Amino acid sequence: MIKATFDIARSLLSPVLGGAERLDLRERVVLITGAGAGIGRELARSLYDRGAYLALFDVDAAAVRAAAAELGIRATAVAVDVADREGVRLAIEQVRESFGRIDVVVANAGVVPRPATVRLMDPEEFDRVLSINLTGAFNTIQPALDAVIDAGGHVVVVSSCAAFAPGMGGSPYMVSKAGVEQLGRAIRVELGGTGATAGVVYFGVVETAMTRGTLDEDELGARIGDLLPWPLNQRISAREAAGVITGAIEHRSARAVAPIGWQPYALLRGAVNVVLDHKLVADENVRSLTRRLERRVLADRADAVESVRSGR
């Protein structure tokens, strides 16, 4: 009976834990986007310590060069915008020519929008977020896949628990991360039998400059963050997040979720979201916050128009 229970548990967890041969990162070539700061920069440190060669991509040239210089001769900085499809393709060709291979790709680059409801959102802001978070992930992974397959390597798509959480006030981010999740899952299935693997990493709240600017330093963003109950409001550091990704690469994990409080939600989201969506629609605090958010967006627009008129 105990053995049968263990076998069932192992069969359920094998898609999470991986199951393929462990990936030794020594002398592997790893491409990381969004590597100039936050999770990407910490991940670069973690992988460099394990003996990997790194191609660090970031739109911030100064930041990514500093990150590479901080690490050493096995790290190369590439200043490129992941939304620039041709620019990324050429950069990946350069990496493959320089290193001779690409073993691992981590699509980590991401941005958040200024909080706004769908009704009042600037369409260009919606497009900007998706062009970086979702299309940027495609732009990064697709031209590198042949190299990853040749190397029997691994692809990591960094999604978010926002992919399956309610998206009020920040829908472009949630939409992009839900799309990224499906991109990663599709790639994993398509790589079956090739010797290469792929997985999706989901993070809740990670302590980064992006998080502080969105949830801590913005009044309404902080109020939205307050809607998260314990333990979903627990934070991890960028270094801890990098450790999760490192482990996911080494174990070729299909999925990894952190902080741990999000694990039950991730597994039961089909049922949880039915109840949660109903509750939030009827919640007076959520309604009040939504109206306040819309008033701020309208006030910001009026200020912008007045600035143009007055020549400020």
Side-chain angles (χ1 to χ4, degrees), residues 23 25-112 128-151 153-159 176 180 183-184 187 196 198-199 201 208-210 238-239 241-242 245-246 248-249:
L23 184 60
L25 287 164
R26 286 176 297 178
E27 299 188 356
R28 296 281 190 169
V29 177
V30 183
L31 188 161
I32 307 170
T33 64
I39 297 171
R41 191 159 183 166
E42 292 291 347
L43 177 63
R45 291 191 184 102
S46 175
L47 300 185
Y48 196 89
D49 289 345
R50 283 163 173 76
Y53 288 83
L54 302 177
L56 308 182
F57 284 24
D58 202 286
V59 70
D60 187 332
V64 76
R65 287 170 187 155
E70 178 183 277
L71 294 174
I73 60 173
R74 285 186 281 109
T76 298
V78 181
V80 65
D81 183 351
V82 294
D84 176 3
R85 180 167 293 158
E86 182 63 10
V88 174
R89 185 187 68 79
L90 292 173
I92 289 172
E93 284 186 7
Q94 176 188 336
V95 170
R96 195 170 185 181
E97 289 175 4
S98 298
F99 290 100
R101 59 192 293 164
I102 298 174
D103 296 274
V104 178
V105 176
V106 182
N108 166 70
V111 295
V112 293
R128 181 184 73 88
V129 174
L130 265 69
S131 72
I132 296 169
N133 295 6
L134 177 54
T135 307
F138 172 84
N139 292 347
T140 302
I141 296 167
Q142 201 263 353
L145 274 177
D146 284 344
V148 173
I149 291 171
D150 289 344
H154 188 70
V155 174
V156 174
V157 179
V158 179
S159 181
S176 69
V180 161
L183 178 66
I187 293 168
V201 175
T208 63
M210 187 171 74
R239 179 167 296 184
I245 298 175
T246 299
I249 295 170

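Small disclaimer: the values here were computed from a predicted structure and weren't measured.
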When you look at R128 and V111, which way does the side-chain contact (heavy atoms from CB on, under 4.5 Å) test go after all the steps?
CA-CA 9 Å; R128 181 184 73 88; V111 295; 3.7 Å; yes
Would L54 and T76 count as a side-chain contact (heavy atoms from CB on, under 4.5 Å) if you check the C-alpha gap in whole Å, the side-chain angles of each, and the deciding distance to 0.1 Å?
CA-CA 6 Å; L54 302 177; T76 298; over 6 Å; no
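- More than 12 non-hydrogen atoms from other residues, nucleotides or ligands lie less than 6.0 angstrom from CD of E70.
- For the pair V64 and A77, the tightest heavy-atom approach, listed with the atom from each and the gap, is O-CB, 3.5 Å.
- Contact record, A67 with A35: CB-O, 3.8 Å, taken as the closest heavy-atom pair.
- For the atom pair OG1 (T246) and CD (E42), the distance works out to 10.0 Å, reported to the nearest 0.5 Å.
- Using a 4.5 Å heavy-atom threshold, the side chains of L31 and V78 count as separate.
- The closest side-chain heavy-atom distance from V157 to V201 is not below 4.5 Å.
- Closest non-hydrogen pair, A137 versus L183, comes out as CB-CD2, 4.0 Å.
- Once rounded to the nearest 0.5 Å, the distance linking OG of S131 with CG of D81 reads 7.0 Å.
- Inter-residue side-chain proximity for V105 and V156 is flagged as unmet; no heavy-atom pair is nearer than 4.5 Å.
- I187 is listed as a side-chain neighbour of L145, based on a closest heavy-atom distance under 4.5 Å.
- A 6.0 Å sphere centred on CZ of R45 holds more than 12 heavy atoms belonging to other residues, nucleotides or ligands.
- Counting only residues at least two apart or on different chains, the side chain to side chain donor-acceptor pair (under 3.5 Å) pairs with a member in residues 95-104 are R28-D103, R96-D150, R101-D103.
- The nearest pair of heavy atoms linking D84 to G87 is OD1-N, 3.0 Å.
- Between the OG atom of S176 and the CG atom of N133 there is a distance of 3.5 Å, given to the nearest 0.5 Å.
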Are R85 and T135 close enough, and set up right, to give a side-chain contact (heavy atoms from CB on, under 4.5 Å), and what steps lead you there?
CA-CA 9 Å; R85 180 167 293 158; T135 307; 3.4 Å; yes
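- The closest donor-acceptor contact from the side chain of R74 to the backbone of A52 lies under 3.5 Å.
- Side chain of N108 to main chain of I32: no donor-acceptor pair is present (N/O by atom type, distance under 3.5 Å, no hydrogens or angles).
- When all heavy atoms of A107 and I141 are compared, the closest pair comes out as CB-CD1, 3.9 Å.
- Considering every non-hydrogen atom in both P143 and R89, the closest pair reads CB-CG, 4.3 Å.
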Begin with the C-alpha distance, continue with both residues' side-chain angles, and end with the deciding distance and a verdict on side-chain contact (heavy atoms from CB on, under 4.5 Å) for I102 and I92.
CA-CA 9 Å; I102 298 174; I92 289 172; 3.8 Å; yes
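- In terms of the side-chain contact (heavy atoms from CB on, under 4.5 Å) criterion, residue partners of A109 (sequence neighbours excluded) are, by chain and number, T33, V82.
- Taking the side chain as every heavy atom from C-beta outward, L43 and V106 approach each other to under 4.5 Å.
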